[in-house]
Amino acid sequence: MTVLDGILAGVREDLEQRKRATPLAELRSRAADTAPALDPLPAFRAPGVSIIAEVKRKSPSKGALADIPDPASLAAQYAAGGAAAISVLTESRRFGGSLTDLDAVRARVDVPVLRKDFIVDPYQLWEARAHGADLALLMVVSLDDGRLTDLMGLCKELGLTPLVEAHTADEVRRAAAAGAELLGINARDLTTLDVDRTVFADLVTGIPEGTVSVAESGVTGPKDVAEYRGWGADVVLAGEALVRSGDPRSAVREFIGAAGA
Ligand SMILES: O=P(O)(O)OC[C@@H](O)[C@@H](O)c1c[nH]c2ccccc12
């Protein structure tokens, strides 16, 4: 069993519990009462690198990263530094996140918000929208083609922009074939947790023209953002380096500055 299999088993258990506590009908009516989702793509396509700044307390690879008692204030600092979107991890067991974090961040910032979780079921997309998310992560590795297409269809219906994540050339091909407009390449292999930024450089050539590319994971400082940008990243998603920085606003600003125009 890989690390990812272990994470997914816990995610499915927690999901079944939430389904019992909150029927889909209730989520649907909450989603209907929520302001329409924001479209992040125009900002991502604007000149210069865009940063998605992540609210991340812990991870299976590094353990505890930061306490983050006030995720909304962290997100506000990211936004003040110029982040184009905020990523909120909502997985609780391994990442220490929750839908409460998503609610808090949504209530505070005006930039688009990504629900970062292990999404395998339509219910989770309804949850994302009912809690105010504008984007949702879909990881190709944990979805077969049929499910990927179904979940992307539901995103469209809900106004959510899917960030379709790949880690191999075959997953990039599947993401593109499914019609991803926002395609992430995760430098971290979620089956082993090994990080290799050059995976982005190797795979970015498989991303079709016109698709927005996102380099995910492994940023330790501004130089790494510049490197991803040099390889063609439109957007860079960073977590650990920002939550540990002590000054998240300046850190985001430096990341944007390092990549030049
Ligand atoms: O903390 P880092 O190395 O900057 O990584 C952030 C982000 O890319 C990472 O949290 C991530 C990318 N894809 C995921 C899928 C699930 C959970 C987490 C992730």
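Just follow the structure's listing: the first ligand is 1, and inside any ligand the first atom is 1. Everything numeric in this text was worked out from a predicted model, so none of it was measured.
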| field | Heavy-atom side-chain contact between Glu181 and Val212 under 4.5 Å | value | no
| said: If we check side-chain contact (heavy atoms from CB on, under 4.5 Å) with Ile86, which of these qualifies: Leu135, Leu114, Val111, Ile51? | reply: Val111
| message | Tell me which residues fall inside the under-4.0 Å heavy-atom shell around ligand 1. | response | Glu54, Lys56, Leu89, Phe95, Lys116, Phe118, Leu137, Met139, Glu165, Asn186, Arg188, Leu190, Glu216, Ser217, Gly218, Leu237, Ala238, Gly239, Glu240
Should the pair [X]-[Y] be classified as a salt bridge under the 4.0 Å nitrogen-to-oxygen rule?
{"X": "Arg174", "Y": "Asp145", "value": "yes"}
{"X": "Glu127", "Y": "Arg115", "value": "yes"}
{"X": "Arg45", "Y": "Asp234", "value": "no"}

| Are Leu27 and Leu99 connected in the hydrophobic side-chain network, where two residues link if heavy atoms are under 4.5 Å apart? |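 No, no single cluster joins them.
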